[in-house]
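Below is one structure, written out as structure tokens; comments come after it.
Since we're looking at a predicted model, the values are computed, not measured. We name chains A, B, ... by the order of the sequence lines, and we start the count at 1 in each one.
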Amino acid sequence: MAQQLDYQTLQQIFSRFQALEPEPVGELFHTNAYTLLVAVVLSAQATDVGVNKATRPLFATVDTPQAMLALGLDGLTEAIKTIGLYRQKAQNVMRLSQILVDDYGGQVPSSRAALQSLPGVGRKTANVVLNIWWHIPAQAVDTHIFRLGNRTGICPGRDVAAVERAIEDHLPAEFQQHAHHWLILHGRYICTARNPRCGICPIRDLCPFEDKTI
DNA sequence: ATCCCGAGGG
DNA sequence: CCCTCTGGAT
């Protein structure tokens, strides 16, 4: 049985990551709640780097749902054409922006139900907004955290909901906001899907998976 | 279970 | 070439 997820483990992950990359990387670029929501919607099955490349120039002028509606579907589609699944994402963002203007006064809602009712927003995206923006404890289990949790055994689960519970059960509420980002960074840059960098992994001694020869 | 779908890495 | 990327809707 593998080690339980705890704050010390997360600290080890984070401190090791900082040692590798002094400058903050691996974060989805955003300037407010709306651009965060859009960035997360665009990040589905796409890399953080790829999303930021398109959103940085876009959000410089378009950072409200009203401005997005003014840009229009064709304009947005062109702006995010370098991101995978761009046609569906562009339509979702346009419809979502219209709903925010019509039903929420142009603001991003702070309830899970309201967020998940928006097109293109599922449980994972809602959890990111709740956690990062509204500071409401919620664990967004993405491809990185799901893989890492099961491979290392620190937060295992057959499905996303089970991994979510595994994290929440083992972690004090005050650490859950940091935990989300730290786990993402570890999965993105160290515990990668192919050729995990076990040789520089800070929780090497806690992991049953690791190839000890690396 | 399948589709969406370009960019980057190995 | 093949695999993966901070998923969601059908």
Q) For the side chain of A:K53, counting heavy atoms from C-beta on, which of C:dT6, C:dC5, B:dG8 is nearest? A) B:dG8
Q.
Closest approach to the side chain of A:Q45, judged atom by atom: which nucleotide of C:dG7, C:dT4, C:dT6 is it?
A. C:dG7
Q.
Heavy-atom count check: over 12 atoms from other residues, nucleotides or ligands less than 6.0 Å from A:Q8 CD?
A. no
Q: Go through the N and O atoms of the side chain of A:R194 and the base of C:dC3, and report whether any donor-acceptor pair is under 3.5 Å.
A: yes
(Q) Can a donor-acceptor pair be found, under 3.5 Å and without considering hydrogens, that links the side chain of A:Q176 to the backbone of A:L171? (A) yes
Q. Base, sugar-phosphate, or nothing for A:G122, non-hydrogen atoms under 4.0 angstrom?
A. sugar-phosphate
Q | Where DNA chain B forms stems, i.e. three or more consecutive Watson-Crick or G-U pairs with both distances under 3.5 Å | A | B:1-4 with C:7-10, B:6-10 with C:1-5
Q. When all nucleic acid strands are considered with a 4.0 Å heavy-atom cut-off, which category describes A:L36: base, sugar-phosphate, or nothing?
A. nothing
Q: Could you list all the salt bridge (Lys or Arg N to Asp or Glu O under 4.0 Å) pairs where at least one residue sits in residues 40-68 of chain A, not counting sequence neighbours?
A: A:D48-A:R188
Q: Identify, with sequence neighbours excluded, every residue that meets side chain to side chain contact (heavy atoms under 4.5 Å, CB included) alongside A:A193.
A: A:R147
Q. Hey, is the main chain of A:R112 close enough, under 3.5 Å, to the side chain of A:R123 for a donor-acceptor pair?
A. no
Q: Under 4.0 Å between any heavy atoms, over every strand shown, what does A:N92 touch: base, sugar-phosphate, or nothing? Just pick one.
A: nothing
